[in-house]
Visitor: 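Dropping a structure here in structure tokens format, bear with me for questions.
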Number of protein chains: 2
Amino acid sequence: MSVGREQILTAAIRHLNEDPTASMAELAEAVGISRATLHRHFSSRDELMVALGHRALAEWEQAQEAAGVAEGAASTDPEEIRRVLDALLERLIEVADAYGFGLTDHAMAVHPDLLRRSDELEEREVALFAAAQRAGLLRADLPPRWISNAVFGLLVAVRESLRRGEVARRDVHHLLTTTFFQGAAGDGGRA
Amino acid sequence: MSVGREQILTAAIRHLNEDPTASMAELAEAVGISRATLHRHFSSRDELMVALGHRALAEWEQAQEAAGVAEGAASTDPEEIRRVLDALLERLIEVADAYGFGLTDHAMAVHPDLLRRSDELEEREVALFAAAQRAGLLRADLPPRWISNAVFGLLVAVRESLRRGEVARRDVHHLLTTTFFQGAAGDGGRA
DNA sequence: ATCGTCTGAGACATAATTGTCTCAGACGAT
DNA sequence: ATCGTCTGAGACAATTATGTCTCAGACGAT
């Protein structure tokens with residue numbers, strides 16, 4: 001049965017999540033095809049990495065669109081923005097878990113195309129956070145870019161927690177949102 | 001002038017922070033010594049990486065000790081625990097910034113020695129968070145290990161923010177602590 | 001049955017990295 | 001001045017990953 005580009009990317013990213021230094025030979029084996037065939041689809045390792053990056057960015061973008069980030073950024077309705085934020089975090093968890101290795105991989109930070117596209121996506125989220133601040137949903141004293149980075153960092157935490165099996169998948173969304181919105185301080189911290 | 005192991009490690013980590021894939025030759029050049037001399041100090045790349053890992057862990061450990069993590073974990077006094085938490089975050093910022101590449105490097109996750117030591121350090125922090133929960137300082141409904149991972153993730157955010165120059169260094173501690181303790185929700189989120 | 005297409009296996013050259021080794025020179029201590 | 005130590009430069013073999021290529025066989029369509 002012939003495997004397409006998409007299946008190769010899926011299997012490759014799954015393997016790279018466990019061993020980020022895997023060679024083309026290892027990747028081919030993980031996909032279940034020969035090294036030659038892998039090279040027929042992606043003429044160089046670099047090309048494969050860029051394709052992987054674009055796929056991860058596509059998932060990210062899709063998560064934004066499904067959550068309605070653009071609409072949320074343009075809205076002034078706290079209810080709607082809150083819904084968008086929740087939906088975005090929910091979907092970003094999936095993306096972080098599936099494409100997590102890309103969170104830290106340097107291929108993403110090296111290719112101008114990927115970098116530019118990733119900056120653009122990040123910009124949309126920053127705009128959403130800024131809108132959330134205007135609506136009183138998020139604290140106005142935090143720089144939107146810091147908020148964006150904090151969300152990113154918490155997603156790293158999510159991924160790590162899942163990888164180690166320290167938290168159940170069904171609890172992750174609640175942990176992420178409650179930590180992000182309310183923080184970790186207890187009653188004693190305010191009393 | 002002869003350079004010692006410590007100076008080599010310092011220069012190497014600084015360079016690896018910018019290019020995590022640097023070869024031994026590049027590292028030697030960055031340090032300002034010849035490749036031969038580098039190999040005289042660290043017979044293999046692996047040995048260098050392990051030394052780097054131990055150094056990063058030593059800094060981490062020192063941060064814990066300076067903050068009084070052990071005492072804090074054994075204490076029931078909210079005031080003291082709060083001071084320890086603050087001091088710990090303050091010092092972890094420095095460590096994350098200086099040894100940040102180790103935050104994501106897999107050498108750390110590959111060598112049993114490093115892994116074990118890193119687990120041990122993490123365990124101490126988990127104990128501190130648990131103590132903070134008992135003292136009412138941190139929410140009791142969050143798993144201590146999730147809190148630990150969340151702090152780690154927020155440190156990644158700190159490092160990234162500093163690297164991009166998106167926030168000033170003097171603001172970072174406040175951003176980190178306020179985000180961690182209070183979260184990002186604004187007034188509108190509770191009203 | 002035959003054609004066209006795709007595949008796996010493997011040979012091959014190339015390049016990059018690594019680790020070892022040698023040798024000559026710099027340098028400080030005595 | 002001389003010794004011992006350390007260094008840089010560079011040669012060297014070994015390893016590994018990469019990219020290309022060829023060839024034979026599988027497979028489906030006609």
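Residue numbers start from 1 in every chain, and the chains themselves are labelled A, B, ... in the order their sequence lines are given, proteins ahead of strands. Any value given below was found using the heavy atoms of this structure, including those in side chains, with hydrogens, waters and symmetry copies removed.
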Visitor: Quick check on A:Glu61: does its CD atom have over 12 non-hydrogen neighbours (other residues, nucleotides or ligands) under 6.0 Å away?
Guide: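 Yes, because the 6.0 Å sphere around CD of A:Glu61 holds more than 12 heavy atoms from other groups.
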Visitor: Find the distance between OG1 (B:Thr177) and CG (B:Leu88) and round it off to the nearest 0.5 Å.
Guide: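 Separation between the atoms: 12.0 Å.
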Visitor: Is the closest side-chain donor-acceptor distance between A:Thr10 and A:Arg55 under 3.5 Å?
Guide: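 Short answer, yes.
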Visitor: May I ask which nucleotide in the shown strands pairs with D:dA24, Watson-Crick or G-U wobble, both distances under 3.5 Å?
Guide: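 Paired with D:dA24, as far as the under-3.5 Å criterion goes, is C:dT7.
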Visitor: Quickly work out the A:Arg5 CZ to C:dT7 P distance and round it to whole Å.
Guide: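 So the CZ-P distance, A:Arg5 to C:dT7, works out to 13 Å.
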Visitor: State the pairing partner of C:dT14; accept Watson-Crick or G-U wobble contacts with both distances under 3.5 Å, and report none otherwise.
Guide: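 Across any shown strand, C:dT14 pairs with D:dA17.
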Visitor: Distance criterion of 3.5 Å, no angle test: do you see the side chain of B:Arg35 paired donor-to-acceptor with the base of C:dG19?
Guide: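 Counting by modelled atom types and ignoring angles, a donor-acceptor contact under 3.5 Å is found here.
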Visitor: Just verifying a value: how many Å separate B:Ile93 CD1 and B:Arg159 CZ, rounded to the nearest 0.5 Å?
Guide: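 B:Ile93 CD1 to B:Arg159 CZ: 13.5 Å, rounded to 0.5 Å.
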Visitor: I need the CD-P distance between B:Glu29 and D:dG8, as an integer number of Å.
Guide: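 Checked: the CD to P distance equals 12 Å.
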Visitor: Could you check how far NE2 of B:His41 sits from C1' of C:dG19, rounded to whole Å?
Guide: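 It works out to 16 Å between those atoms.
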Visitor: Side-chain donor-acceptor pair under 3.5 Å between A:Asp113 and A:His54, yes or no?
Guide: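 No - no donor-acceptor pair under 3.5 Å links their side chains.
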Visitor: Between P on D:dA14 and CE on B:Met24, what's the gap in Å once rounded to a whole number?
Guide: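 B:Met24 atom CE is separated from D:dA14 atom P by 20 Å.
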Visitor: Nearest whole Å is fine: how far is C:dG19 C1' from B:Phe42 CZ?
Guide: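 Answer to the nearest Å: 16 Å.
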Visitor: To the nearest Å, how far apart are A:Ile33 CD1 and C:dT7 C1'?
Guide: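 My rounded result for the distance is 10 Å.
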Visitor: Choose from C:dG8, D:dA17, D:dT20 the nucleotide whose nearest atom is closest to any side-chain atom of A:Ser34.
Guide: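 Of C:dG8, D:dA17, D:dT20, C:dG8 is nearest to the side chain of A:Ser34.
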Visitor: Rounding to an integer number of Å, can you tell me how far A:Arg40 CZ sits from C:dA9 P?
Guide: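 Atom CZ in A:Arg40 sits about 12 Å away from atom P in C:dA9.
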Visitor: Both distances under 3.5 Å, Watson-Crick or G-U wobble: report the partner of D:dT30, or none.
Guide: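 With both distances under 3.5 Å, D:dT30 matches C:dA1.
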Visitor: What nucleotide, of C:dG10, D:dG10, C:dT7, holds the atom closest to the side chain of A:Ala36?
Guide: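 Output: C:dG10.
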Visitor: Rounded to whole Å, how long is the line connecting atom CD of B:Gln7 with atom C1' of D:dC6?
Guide: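 To the nearest whole Å, that distance equals 15 Å.
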